[in-house]
Amino acid sequence: MTRYHNILTFALLLAGATGCSKFLEVDNIGKSSTESFFAELSGLESALDGLYSETFNYYDDYMNYADLASDLVDLTPNASELQTDIFEFQALPEDNAGYPRLLWKAAYNVVTNANNILHFGPKLKESYPDDAKKIDRILGEAYFIRALMFLELSKVYSQNYTYTDDASHMGIPTPTQPLSFNATVARPTLKATYTQILEDLGNARKLLAEGDPRTGGKEVYYVSDRACRALLARVYLYMGNYEEAEKYASEVIAEVPLTPYAEYEMMFRYPEGNPGKESILRLSGYEKTSSLSSLYDPTNQPSAVPSQTLLALFDDPDDLRGKRLLHYDPVYEGYDDLLHGIEMDACVKYYINEKYLVDNKGLYGHVDPFVLRCSEMYLIRAEALCNRATPDLEGAAADLKALIARATGKDVSQVTLTYAGKEEMNALIEKERMRELCFEGHRLTDITRRHQNLVRDASTTAKTTRIDYPDYRFVLPICQLEIDSNGAMKQNPGYVGATEN
């Protein structure tokens, strides 16, 4: 029988000793080797580098799940079977070569390595008392990343927080210690899952309170107390705790400006030297290939393109997001030959223009996925203001106007919003979330947490054109290998072999 550790893999990530942003591949190491590795501070530092590297790999490979399974994309004939299964909601427990297993394994690989750091790291303070603050910072970053992965896993494998009135439905396993060879881990309630997420973020904040010594723009590639507060705003929004969501979003907005119109496109396209003023946390893809870039590449038979539902939202021709980030124009890119494709609607948030690599522009093409940015905080606060016990619709409108003004190059005073009441304001917020956060891994979560139906437009390439809420297919099944090897694991209701919880 396949043992549990083959899914929740006991991988220790080793980083290169060259001082650059290269990381070695994952190595599976036994307990004695793991203890030996963490006997030195350099081992802990290398493990942290590896943890960031694997977190990048997760986001680059699987952040697209929430978009592929939404109304904002259409697949082309170039899409893979794996992508089509997600798009058509055809994932099955036995899909061991598909998302049910691969996404689960990738995320828990990150969790396992965070747990190694958190388990072995504190002991190093005895041997390195002068480096106690550095060790604490590493532990704080590991706590945050573990919380982030628990949240990502719960979005994919558990129904939304308000699916039941008290969040008593199944969450995801939240191991907080390195697991033994034959460990079995059960699924707690989603309420308990979120309790662990909040606890981890609280621990991270205590250890990161003194701030980040890294400067020069690089600090946005490392976890900070600000990133903790931004993630707390997201977590509380998902929970429907609008007061806390508003509180943390407002704190971050007070500290982080929006990236101005003139720098907005480059923030996505060429983060080397242009990480974006609004960046809170993003992941470095320097010297890494990118699945996100390949998925949407307009010059090389993209697998996914913007849907008409999404494109129709851009009613202002000056909106940079529709004009530049969802449309590929080879002339604008500086090309005049068919080798570089034809003009088309496409996601170019992750498109790397090769001319910047050869014309000595000082820009290096790579994809740095966003984990958190300030634009999302404006949207979180707007939604919280709209839905709190005493709604503030004018305040919510002000947050939306700030984003629209930035995207269109206008002054806030030139932006007009028409709404009559809370319901219409919520519709405006949803529209703005789709325009601002499209292709950044949010849409399916937004549909389910709002208890909405998934409805694709008439021109969609999908056979699955509508799924009414609630539906078991809004979450992936637990892979069968995990069920077979872990006697405590339960399948999601609706899938073969599941029992109602």
Side-chain angles (χ1 to χ4, degrees), residues 212 214-222 224 226-227 229-230 233-234 249-285 313-329 332-334 347-353 356 361-382 395-417 428-429 431-440 442:
D212 194 337
R214 290 160 289 209
T215 57
K218 296 299 183 183
E219 63 271 15
V220 300
Y221 291 97
Y222 297 92
S224 62
R226 181 178 295 156
R229 285 178 284 144
R234 182 189 292 174
S250 293
E251 286 184 11
V252 175
I253 290 170
E255 299 172 8
V256 183
L258 291 175
T259 300
Y261 175 86
E263 301 171 26
Y264 185 74
E265 179 185 359
M266 295 296 280
M267 174 182 75
F268 289 99
R269 300 280 306 278
Y270 295 97
E272 183 72 22
N274 303 280
K277 290 182 172 60
E278 70 185 63
S279 295
I280 300 168
L281 178 63
R282 62 190 311 181
L283 301 165
S284 176
L313 299 177
F314 294 91
D315 42 20
D316 188 330
D318 293 328
D319 196 318
L320 190 68
R321 298 169 299 187
K323 183 179 180 181
R324 292 298 177 215
L325 296 181
L326 294 181
H327 190 78
Y328 173 73
D329 182 350
Y332 171 75
E333 299 291 343
C347 171
V348 293
K349 282 187 173 181
Y350 310 105
Y351 172 61
I352 299 171
N353 186 329
Y356 286 109
K361 301 287 186 180
L363 300 171
Y364 300 91
H366 54 90
V367 171
D368 291 356
F370 278 104
V371 177
L372 295 156
R373 58 188 181 96
C374 195
S375 291
E376 184 190 354
M377 298 300 106
Y378 276 83
L379 291 162
I380 288 174
R381 187 169 69 176
D399 283 338
L400 297 187
K401 287 179 181 180
L403 295 179
I404 295 169
R406 184 272 302 276
T408 56
K410 297 184 170 100
D411 187 82
V412 173
S413 63
Q414 297 175 283
V415 178
T416 301
L417 294 178
L428 291 175
I429 294 167
K431 177 180 178 180
E432 193 58 28
R433 281 187 70 92
M434 287 190 277
R435 291 193 295 203
E436 182 64 30
L437 300 179
C438 60
F439 299 98
E440 296 181 49
H442 295 272

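Positions are given from 1 along the sequence.
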Smallest separation among heavy atoms of Ser284 and Tyr221, with atom names
N-CD2, 3.6 Å
What's the separation between atom CD1 in Ile253 and atom CD in Glu376, rounded to the nearest 0.5 Å?
10.5 Å
Indicate yes or no: at least one non-hydrogen side-chain atom of Glu265 is less than 4.5 angstrom from one of Leu325.
yes
Has Gln414 got a side-chain atom pairing as donor or acceptor with Asp411's backbone, closer than 3.5 angstrom?
yes
For the residue pair Arg324 and Tyr332, would you count it as a cation-pi contact if the rule is NZ or CZ under 6.0 angstrom from the ring centre and within 45 degrees of the ring axis?
yes
Minimum-distance pair of heavy atoms, taken over all atoms of Ser250 and Arg381
OG-CD, 3.0 Å
Step by step, work out the side chain to side chain donor-acceptor pair (under 3.5 Å) result for Ser375 and Glu278.
CA-CA 7 Å; Ser375 291; Glu278 70 185 63; 2.7 Å; yes
Could you check whether any side-chain heavy atom of Val252 comes within less than 4.5 Å of a side-chain heavy atom of Leu372, counting everything from C-beta outward?
no
Between the main-chain N or O of Glu333 and the side-chain N or O of Asn353, is there a donor-acceptor pair closer than 3.5 Å?
yes
Do the side chain of Tyr350 and the main chain of Phe439 share a donor and acceptor less than 3.5 angstrom apart?
yes
Inter-residue atom distance Tyr261.OH - Asp319.CG, 0.5 Å rounding:
8.5 Å
For side chain to side chain contact (heavy atoms under 4.5 Å, CB included), just list the numbers for Thr259 and Arg406, CA-CA rounded to whole Å, side-chain angles, deciding distance to a tenth of an Å, and then say yes or no.
CA-CA 8 Å; Thr259 300; Arg406 184 272 302 276; 4.0 Å; yes
For a 4.5 angstrom cut-off between non-hydrogen side-chain atoms, does Tyr351 reach Phe268?
no
Polar side-chain atom of Arg321 near backbone of Leu326 as donor-acceptor pair, under 3.5 Å:
no
Heavy-atom check, side chain of Asp316 versus side chain of Arg435, under 4.5 Å
no
Under 4.5 Å between any side-chain heavy atoms of Asn274 and Glu263, yes or no?
no
CG-NZ distance between Asp315 and Lys431, expressed to the nearest 0.5 angstrom:
4.0 Å
Looking at every non-hydrogen atom in both residues, tell me the closest pair between Leu400 and Ala382 and how far apart they are.
CD2-CB, 4.2 Å
Could you tell me whether the side chain of Glu436 reaches within less than 4.5 Å of the side chain of His442, counting heavy atoms only?
no
Checking Asp399 side chain against Leu379 main chain: does a donor-acceptor pair fall under 3.5 Å?
no
Heavy atoms, side chains only, cut-off 4.5 Å: are Lys277 and Cys374 in contact?
no
Given the options Glu255, Glu251, Glu219, Arg226 meets side-chain contact (heavy atoms from CB on, under 4.5 Å) only with Glu255
Of all heavy-atom pairs between Tyr222 and Lys218, which one has the smallest distance, and what is that distance?
CD1-O, 3.3 Å
With sequence neighbours left out, the residues meeting side-chain hydrogen bond (donor to acceptor under 3.5 Å, both in side chains) with Asp318 are none
In the structure I gave you, are the side-chain heavy atoms of Met377 and Ile280 within less than 4.5 Å of one another anywhere?
yes
How close do Ala249 and Ala233 get, counting heavy atoms only, and between which atoms?
N-CB, 3.7 Å
Rounded to the nearest 0.5 Å, how far does CG of Leu283 lie from CG of Asp368?
8.0 Å
